[in-house]
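Letters go in sequence order (proteins before strands), and every chain restarts at 1.
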Number of protein chains: 2
Amino acid sequence: MVEPTGLEQMVCFQLYAASRAMTAIYRPTLDTLGLTYPQYLALRVLWHRGPTTVRELGTILDLDSGTLSPLLKRLENQGHVRRTRGTEDERTVVIHLTEQGSALRTKAADLPAQVACAVDLTDDEFAQLHHLLGKVRASTTL
Amino acid sequence: MVEPTGLEQMVCFQLYAASRAMTAIYRPTLDTLGLTYPQYLALRVLWHRGPTTVRELGTILDLDSGTLSPLLKRLENQGHVRRTRGTEDERTVVIHLTEQGSALRTKAADLPAQVACAVDLTDDEFAQLHHLLGKVRASTTL
DNA sequence: CGCAATTAAGTTGTGCGCAACTAGAAAGGG
DNA sequence: CCCTTTCTAGTTGCGCACAACTTAATTGCG
């Protein structure tokens, strides 16, 4: 290690820089769909889970209502989702995909493959990276 | 993998989530110093390199002037740095540490160790992670 | 039951990131 | 030497993240 900066520091910075670099790969395609990366993540959850409360989205994406509320409002204004009060528990707000929001799924279908191509890692390396990032998240969440 | 989401996607999300989780570890200590994580990164560069132009900082941190200009202005308002026009090339702005800014270095000295402790990875795993993140950054920067 | 404690979502305020643009200085070619 | 092109910072605008707070609904304990 040539840097006199300390390894953990570098890992943290690498994490910070790599995360931004990765989302930058998504940006051009997401731009054509009129989506940001966090909006895309929220839609993915809805595509896979169906109707989901704000709280559940927050747990899955590790985001709070301060981030999600305005984000979901923008998705609603764009016509991709609808927000309805939960019937059983009126504190909750359930997010539903609209037809338009569901249709986006096929339009965004080839995004993961694009990204996998752009990033020069083998399947093994992807798996390793995934494993290590999981450990980082696990040790920090506790 | 129970998720039907595709590995690259998950890696990207893991990257995004792990990066935020990592900076969250720094936050409590940085709060006591009155710094944000990006401000801390900028100061690290100055601690190691001495006077540095905005452009050089941008290259090292992979940030543009739209991010750095206001960040550095805040660091100047806090008394940690001074900004002076370059003498040879008057387009450039050189960032200098003040006494106070240099003094912060010792106060932040034990931060990396704290973080290394908080994250449950072996030295080998840190090295692996560092290597893989480097590859991600390299393949995306090109 | 009644009421305090908890919980869900939203709001406000601050600081990034990043795109798009501006102002001003330097470089370079005719 | 002038003028276009390039380059450095800075500004503006938007959308996250996140802390702190508000509102309203639910829980649960005496």
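- Annotation: side-chain contact (heavy atoms from CB on, under 4.5 Å) contacts of Ser102(B) (sequence neighbours excluded): Leu97(B).
- For Asp120(B), the side-chain hydrogen bond (donor to acceptor under 3.5 Å, both in side chains) test picks out no residue, with sequence neighbours left out.
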So if I define the base as every atom that isn't primed, P, OP1 or OP2, how would nucleotides 7-18 of chain C read as a B/S/- string at a heavy-atom cutoff under 4.0 Å? BSBBB---SSBB

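- Legend: residues meeting ring pair (Phe, Tyr, Trp, His ring centres under 6.0 Å) with Tyr40(A), ordered by chain and number and at least two apart, are Tyr26(A).
- Listed by chain and number, the residues in a side-chain contact (heavy atoms from CB on, under 4.5 Å) with Gln39(B) are Leu35(B), Thr36(B), Leu71(B), Arg74(B), Leu75(B) (sequence neighbours excluded).
- Between Arg85(A) and Glu90(A) there is no salt bridge, since no side-chain nitrogen of the basic residue lies less than 4.0 Å from a carboxylate oxygen of the acidic one.
- Under the side-chain contact (heavy atoms from CB on, under 4.5 Å) criterion, Thr67(A) pairs with Leu63(A), Asp64(A), sequence neighbours left out.
- Partners of Arg27(A) according to the salt bridge (Lys or Arg N to Asp or Glu O under 4.0 Å) rule, which considers only residues two or more places apart in sequence or in another chain, do not exist here.
- One can place CD of Glu90(B) at 12 Å from P of dA27(C), the figure rounded to the nearest angstrom.
- In this structure, the side-chain contact (heavy atoms from CB on, under 4.5 Å) partners of Thr98(A), at least two apart in sequence or on a different chain, are Arg82(A), Gln100(A).
- Taking every nucleotide of DNA chain D with any atom under 4.0 Å from a non-hydrogen atom of chain B, the first and last of them, 5' to 3', are dC7(D) to dA19(D).
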